[in-house]
Amino acid sequence: MLTGKVFKYGANVDTDAIIPARYLNVSEPSELARHCMEDIDLDFAGRVKAGDIIVAETNFGCGSSREHAPIAIKAAGISAVIASSFARIFFRNAINIGLALLESPEAVVETDEGDTLQIELETGVIKNVTKDKVFKSKPYPSFMAQIIASGGLVEYTKCKLSQGADLR
């Protein structure tokens with residue numbers, strides 16, 4: 001179960017807002033984390049704690065296809081992002097690096113900045129502990145859940161290969 005405090009944002013948070021283009025020459029996750037969200041929330045990196053959760057409206061992660069964006073979010077300590085909808089390339093990049101994303105328009109509407117959420121990835125259940133409300137998100141297919149649990153596609157593949165799996 002994931003538990004964290006909410007950082008809430010609006011619609012169309014693009015990858016430039018998540019990690020500004022001036023940091024695209026950086027590849028170290030901890031350095032990307034220091035600049036995560038700084039153009040829309042200057043104090044984000046200083047306030048975020050391990051396990052916290054981003055909640056946003058529609059089209060989160062739109063813009064370029066850079067993997068820097070989900071890497072910066074995950075390295076900042078965010079355990080999951082809940083939105084009404086995600087840009088498709090951001091969604092796939094997030095899964096590839098092991099960042100959980102959940103679509104739940106109801107949870108977005110009923111959640112405020114600072115609320116505490118609990119998420120059960122296996123079932124897709126999102127509980128707003130602060131408001132004592134429960135929401136449902138579609139759970140991941142088994143293979144995607146395994147990729148997230150492994151910490152991303154690279155670690156998932158290493159694990160499968162070490163178990164003798166034929167990935168052809």
Side-chain angles (χ1 to χ4, degrees), residues 1-21 23-24 26-27 29 32-33 35-41 44-45 48 50-111 113 117-128 135-160 167:
M1 180 176 305
L2 306 175
T3 303
K5 182 181 72 170
V6 169
F7 288 83
K8 189 160 184 186
Y9 301 100
N12 301 311
V13 175
D14 66 25
T15 53
D16 280 329
I18 296 168
I19 187 69
Y23 301 111
L24 293 183
V26 175
S27 60
L32 291 170
H35 301 289
C36 187
M37 309 301 271
E38 76 179 21
D39 284 355
I40 62 170
D41 186 350
F44 174 82
V48 69
D52 284 345
I53 298 164
I54 289 176
V55 173
E57 294 175 7
T58 57
N59 204 26
F60 188 85
C62 58
S64 73
S65 63
R66 66 182 70 139
E67 284 186 329
H68 291 69
I71 291 170
I73 291 170
K74 185 177 176 184
I78 294 295
S79 62
V81 180
I82 300 169
S84 295
S85 64
F86 293 93
R88 294 295 95 193
I89 191 70
F90 178 86
F91 187 90
R92 189 59 210 181
N93 283 340
I95 300 305
N96 285 348
I97 61 106
L99 176 64
L101 304 180
L102 296 103
E103 289 186 350
S104 177
E106 298 80 16
V108 172
V109 169
E110 297 289 332
T111 300
E113 176 93 12
L117 298 182
Q118 291 179 332
I119 301 169
E120 294 178 18
L121 289 177
E122 302 80 23
T123 62
V125 171
I126 302 165
K127 181 176 184 184
N128 186 320
F135 311 98
K136 189 77 171 137
S137 174
K138 185 176 176 184
Y140 286 106
S142 176
F143 78 96
M144 287 177 74
Q146 290 174 24
I147 290 170
I148 292 168
S150 298
L153 188 57
V154 171
E155 293 304 315
Y156 171 81
T157 303
K158 286 180 186 176
C159 179
K160 289 295 185 184
L167 300 177

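Computed from a predicted structure; not experimentally measured.
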- Item | D16/R66 ion pair, N-O < 4.0 Å | yes
- Task: Dump the intermediate steps for side chain to side chain contact (heavy atoms under 4.5 Å, CB included) on V55 and E113, then the final yes or no.
- Result: CA-CA 8 Å; V55 173; E113 176 93 12; over 6 Å; no
- Item | Heavy-atom closest pair, residues A80 and L102 | CB-CD1, 4.2 Å
- Item | ring-ring contact (aromatic ring centres under 6.0 Å, His included): pairs with one or both residues in residues 61-98, sequence neighbours excluded | F60-F90
- Message: I'd like to know if E103 pairs up with R88 as an ion pair, taking the criterion as any Lys NZ or Arg NE/NH1/NH2 lying under 4.0 Å from an Asp or Glu carboxylate oxygen.
- Response: yes
- Value for CD1 (I73) from CD1 (I53), rounded to nearest 0.5 Å, stands at 13.0 Å
- Whether S84 side chain and T58 backbone form a donor-acceptor pair below 3.5 Å: no
- Message: How long is the straight-line distance from OG of S79 back to NZ of K74, given to the nearest 0.5 Å?
- Response: 11.0 Å
- Message: For a quick test of reading the model, state the closest non-hydrogen atom pair linking L32 to Y23 and the distance between them.
- Response: CD2-O, 3.8 Å
- Task: Return the minimal non-hydrogen interatomic distance between S104 and F135, and the atom names on each side.
- Result: OG-CB, 3.9 Å
- Query: Between N12 (side chain) and C62 (backbone), is there a donor-acceptor pair under 3.5 Å?
  - Reply: no
- Message: With no hydrogens and no angle check, just 3.5 Å: does a side-chain donor-acceptor pair link Q146 and S142?
- Response: yes
- Message: Within this structure, what is the CD1-CD1 distance for the pair I97 and I147, rounded to the nearest 0.5 Å?
- Response: 12.0 Å
- Query: Is the backbone of Q118 close enough, under 3.5 Å, to the side chain of T3 for a donor and an acceptor to pair up by distance?
  - Reply: no
- Task: Over all heavy atoms of both residues, which pair between K8 and T111 is shortest? Give the atoms and the distance, please.
- Result: NZ-O, 2.6 Å
- Query: Side chains of T123 and K136: does their closest heavy-atom pair fall under 4.5 Å?
  - Reply: yes
- Message: Donor-acceptor pair, distance only, cut-off 3.5 Å: does the side chain of Y156 make one with the backbone of M144?
- Response: no
- Item | Gap separating the CD1 atom of I82 from the CG atom of L101, nearest 0.5 angstrom | 10.0 Å
- Task: State, to 0.1 Å, how close S137 and I126 come at their nearest heavy-atom pair, and which atoms those are.
- Result: CB-CD1, 4.0 Å
- Message: Any side-chain to backbone donor/acceptor pair from T15 onto S64? Under 3.5 Å, distance only.
- Response: yes
- Message: Measuring from atom OG of S150 to atom NZ of K158, what distance do you get when rounded to the nearest 0.5 angstrom?
- Response: 11.5 Å
- Note on the structure: Separation between OH (Y140) and CD1 (I148), nearest 0.5 Å, reads 4.0 Å
- Closest non-hydrogen atom pair, P139 against G124: CB-N, 4.1 Å
- Query: Does G4 offer a backbone N or O that forms a donor-acceptor pair with the side chain of D52 under 3.5 Å?
  - Reply: no
